[in-house]
Amino acid sequence: MKTDNLIKTGLLLLVILVAVSCNKVIKDDNRLRLFYNQPAEEWTEALPVGNGLLGAMVYGTVEKEHIQFNEETLWTGKPHDYAHKGASNYLEEIRQLLFEGKHEEARKLSAKEFLSIPVRQMAYQPFGDLFIEFPGHENYTDYKRELNLANAVCKTSYKVDNVEYYREVIASYPHKTIAVNLLSERKNSLNCTVSFDAEHEFKKVAYKDGMLTLEVKVKNGALRGVAGARIVTDGKLDYAGGEVSVSEATNATIYLSAATNFINFRDVSNDPVRVLRSRLAYVESKSYPDIRKEHIEDYQELFNRFTIDLGTNSRDTLATDERLRSYARSNDDPGLVALYMQYGRYLLISSSREGTQPANLQGIWNKELKPPWESKYTTNINAEMNYWPAELLNLSECHEPFFRLIEECAVTGQSIAREHYACEGWVLHHNTDIWRGAAPINSAPYGVWPTGAAWVCSHLWEHYQFTQDITFLRDRAYPVMKEAARFYSQFLVEDPGTGWLISTPSNSPENGGLVAGPTMDHQLIRSLFRYCIQSAEILGVDDEFTGMLAKKVDKIAPNQIGQYGQLQEWLEDKDDPDNKHRHVSHLWGVHPGNDINREESPELMEAAKQSLLFRGDDATGWSLGWKINFWARFGDGNHAYSMFDLLFRPKGGSEVKLTGGGSYLNLFDAHPPFQIDGNFGATAGVAEMLIQSHMSYIDLLPALPDALNTGFISGVCARGGFELAFKWTDGILQEVEVLSRAGKKCYLQNGNKKVAFDTEAGKRYRLTGDLEL
Ligand code: FUC
């Protein structure tokens, strides 16, 4: 008994020490904190935590804490092949109708005979809600809540009757758990009740073997899951009426985890109870401080690789909601841009880890049974945008779940290639879900867009470009790219008007209806063929196959400049200069692609810029994020940076709107509604202002805005296997350090200063601001 008490007291002291010391670090560095002086009222004010597998939104409400949580594999539906058998019988007719200008007939026929079965894909589901009620805590003072990006700890603190109460929430990847630690400053004064609820029609709460469980089943589909909360405390535990009460405690930790019967897109035979028990087993042998420490180490191994300082941080004493509002009034807060960038990295680490599902439209955070766009993976921009910061900002490992999604779509996409196009290889259209649907969905003018496969493949190539990992190229990237290229090599047809090879039927994502030959498709397919040709050369394989691709590349419809000096969005010169559509797909070649660039095609760059000027600035969140990247690639840092005036417009509510994006008070991107892609797109966009490596050299400060004329960045990555740190003052580059990971020759440029030098793998090279070694 005595030893027990001693251990408990020791543990408590340790917890207090950890809490206090962590508090100190946090106070010292507001640059990496989101913080608020009141609890969240809306879901988009709550703070997100996640470990790739579990996500949670922490409201920080005092009398009744609300932690809404997700397990990433709970979706509607079941293993399914979405192919519309025999669709390929109508392909020629649809093409012919488009060639004859009979777009409406082509649309009708496609809608009837060419779309997936069923026509919509499945939806990501919320799992449940954990509530912790604190009787008597209605009147509180000294309230604070925060999310510390430096250690991925979310904290709430307040006082009741002069006693301080702390709460911490962490989502630990090594422990596959969300841990909620509750602490009272006064001994034995912590009393609370813990309960579960869920939005699902089928939900069952039980208590067995020291664990409160919540069982749920999705309404439409094969998936079910169980969540469990185990509570470890120095107080008393009682179970009654579906709730566990903790009384007379000083410290309590709730360990929350969840599991479903999902194994993979073909197999739903998992035993969730067994998985859950194994996930929570460690609780027996580890203390909260140990778990917290291991969580922080794991997180910081990724997070600490990159730092950024954009100068002025004078507003960082303002609570984040106030700071956002104040940015909207006078946009001179570069520190908020730096925080937003690190938040983007935090969100990626929290929603996409090795072995988990990739980040979907809402990352991993969703509270609705019918989320907007099913909270799935939209591959005509959104899913890819989620991964723009991955390589660039030194989170290459977080890219892995997306590679697995691509590999799985390369399996499911084979029947679609066969049934819809009578082609070999694989294809993916504009969406996929957890079942890896690959067929055209929803409606012909959106869904019939066969170049999703080409776009996602560019991520495999980019991973190789950044890491120079030849094993990855040989074993994973090239086989998948090759089979996609095989599909497109058979799918392309000769345009009777021009003789060029074109993609048809298709659409320029969501703009202008079902057509033959949208520009974006040709950029995507041309790029994929080039990646394959280069890969085969590097690997010394497949001369014959890539020889065939090389012949086709030159025949693919080229980028064309139209009557207004614009880059044509379609084969025909029919762009409307007043069109303000949020998608700017024909600029894919500028970013994230490289089909058009300042070095090789300056005239096309000008035309692309003209197209973007016509499109205007304002748009949904992700479109704002994309435009930052475009303006950075055009070398116009001031225009790129000005997009933050729009992106930092404070937003509320959850209505779906197709114009006017901004940010919610928790800095989630507001499409609106919440969609995480904008966070990631804008995060990458800031990096594109400071460094670009898509041409034959690494360009330093290629689009530096006046507002960011002094700063420092480290751990930013460049193609060729380089990691860089550099500093600039009054717009002038001061010092550069290059770490060569792969021993490639390094070509650096800043303005008209250039240098090229050989490197050895693992060595660092220091250069002056004049690029002298
Ligand atoms: C595409 C976009 C919408 C939204 C949705 C998820 O349909 O056009 O703006 O991002 O995907």
Side-chain angles (χ1 to χ4, degrees), residues 83-84 86-110 113-115 380 413-414 416-430 438-440 444-445 447-455 457 482-509 512-530 532-533 545-560 568-574 585-586 588-589 595:
H84 187 140
S88 68
N89 295 332
Y90 299 88
L91 180 64
E92 277 323 303
E93 197 177 337
I94 296 167
R95 281 179 169 158
Q96 197 49 40
L97 288 168
L98 289 173
F99 285 142
E100 288 167 13
K102 296 177 180 162
H103 291 86
E104 185 50 21
E105 283 94 324
R107 187 197 63 74
K108 277 193 187 146
L109 183 59
S110 305
E113 307 291 353
F114 210 73
L115 297 182
N380 67 13
Q414 288 171 25
I416 312 303
R418 198 175 55 239
E419 294 295 339
H420 289 246
Y421 300 95
C423 289
E424 297 171 295
W426 67 280
V427 62
L428 169 66
H429 291 78
H430 92 307
V448 180
W449 179 72
T451 33
W455 192 340
C457 277
K482 180 181 170 185
E483 290 310 306
R486 193 191 301 284
F487 168 79
Y488 294 111
S489 71
Q490 296 174 11
F491 160 79
L492 288 170
V493 290
E494 203 175 288
D495 173 42
T498 59
W500 290 327
L501 289 178
I502 63 162
S503 160
T504 179
S506 187
N507 67 84
S508 187
L514 190 68
V515 296
T519 300
M520 177 196 226
D521 282 16
H522 304 139
Q523 296 173 348
L524 282 164
I525 299 169
R526 187 165 39 241
S527 300
L528 174 66
F529 284 6
R530 287 186 178 144
C532 285
I533 295 166
F545 179 71
T546 54
M548 178 273 291
L549 294 183
K551 277 192 200 133
K552 295 214 173 204
V553 158
D554 294 334
K555 292 192 187 143
I556 296 175
N559 291 303
Q560 302 178 77
Q568 284 181 207
E569 185 160 357
W570 296 277
L571 214 48
E572 309 83 12
D573 188 2
K574 60 180 186 185
S585 308
H586 51 315
W588 183 90
D595 197 44

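In what follows, every heavy atom counts, from backbone to side chain, and hydrogens, waters and symmetry copies are set aside. On a predicted model such as this, the values are computed, not experimentally measured, just so you know.
- Between the side chain of D595 and the main chain of W588, no donor-acceptor pair closer than 3.5 Å is present.
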Could you check W455 against L528 for side-chain contact (heavy atoms from CB on, under 4.5 Å), going step by step and ending with a plain yes or no?
CA-CA 8 Å; W455 192 340; L528 174 66; over 6 Å; no

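- We find the CE-CZ distance between M548 and F529 to be 7.0 Å, quoted to the nearest 0.5 Å.
- Looking only at distances, no side-chain donor or acceptor of E419 sits under 3.5 Å from a matching main-chain atom of A83.
- Side-chain contact between P518 and H586 is absent, with no heavy-atom pair separated by less than 4.5 Å.
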Under the side-chain contact (heavy atoms from CB on, under 4.5 Å) criterion, do Q523 and R526 qualify, and how do the steps go?
CA-CA 5 Å; Q523 296 173 348; R526 187 165 39 241; 4.0 Å; yes

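- Geometrically, K482 engages F545 in a cation-pi contact, judged by NZ or CZ lying under 6.0 Å from the ring centre and within 45° of the ring axis.
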I'd like to know whether F114 forms a ring pair (Phe, Tyr, Trp, His ring centres under 6.0 Å) with H420, so could you lay out the CA-CA distance, the side-chain angles of the two residues, the decisive distance to 0.1 Å, and finally the verdict.
CA-CA 7 Å; F114 210 73; H420 289 246; 5.2 Å; yes

Start with the C-alpha gap between V448 and L115, add the side-chain angles, then the distance that decides, and say whether side-chain contact (heavy atoms from CB on, under 4.5 Å) holds.
CA-CA 8 Å; V448 180; L115 297 182; 4.0 Å; yes

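- The main-chain N or O of Q568 is found under 3.5 Å from a side-chain atom of T519 such that the two form a donor-acceptor pair.
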Which is it for K555 and K552 under the side-chain contact (heavy atoms from CB on, under 4.5 Å) test, yes or no, and what are the steps along the way?
CA-CA 5 Å; K555 292 192 187 143; K552 295 214 173 204; 5.7 Å; no

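- Exactly one of T504, I502, I525, D521 qualifies for a side chain to side chain contact (heavy atoms under 4.5 Å, CB included) with L492. That residue is I525.
- Annotation: salt bridge (charged side-chain N to carboxylate O under 4.0 Å, His left out) contacts of E424 (sequence neighbours excluded): none.
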E92 vs Q96, test: side chain to side chain donor-acceptor pair (under 3.5 Å). Steps then yes/no.
CA-CA 6 Å; E92 277 323 303; Q96 197 49 40; over 6 Å; no

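- Between A516 and L98, the closest heavy-atom pair is N-CD1, 4.1 Å.
- Nearest heavy-atom pair, G447 versus N507, reported as atom, atom and distance to 0.1 Å: N-ND2, 4.3 Å.
- A salt bridge is absent between E105 and K108: the closest approach of a Lys/Arg side-chain nitrogen to an acidic carboxylate oxygen does not fall below 4.0 angstrom.
- Applying the salt bridge (charged side-chain N to carboxylate O under 4.0 Å, His left out) criterion to K574, with sequence neighbours excluded, gives E572.
- Inter-residue side-chain proximity for Q560 and T498 is flagged as unmet; no heavy-atom pair is nearer than 4.5 Å.
- Of all the heavy atoms in F487 and C423, the pair that sits closest is CD1-CB, 3.6 Å.
- Ring geometry for Y488 versus F491: interplanar angle over 60°, hence perpendicular rather than tilted (30 to 60°).
- Taken from CG in N380 to OG in S508, the straight-line distance is 9.5 Å, to the nearest 0.5 Å.
- Between P509 and H430 the shortest side-chain heavy-atom distance does not fall below 4.5 Å.
- Taking 4.5 Å as the limit, every side-chain heavy atom of E113 sits out of range of all side-chain heavy atoms of I94.
- Counting heavy atoms from C-beta outward, W500 and H522 have side chains that stay 4.5 Å or more apart.
- Remark: the backbone N or O of L501 is not paired with any side-chain donor or acceptor of E494 at under 3.5 angstrom.
- How far NE2 of H429 is from OG1 of T451: 8.5 Å, rounded to the nearest 0.5 Å.
- Within the 4.5 Å cutoff, no side-chain heavy atoms of S88 are placed close to those of Y421.
- Scanning both residues, S506 and S503, for their nearest heavy atoms gives CB-OG, 3.8 Å.
- At least one side-chain heavy atom of P505 sits less than 4.5 Å from a side-chain heavy atom of R95.
- You'll find the side chain of F99 reaches within 4.5 Å of the side chain of D495, heavy atoms only.
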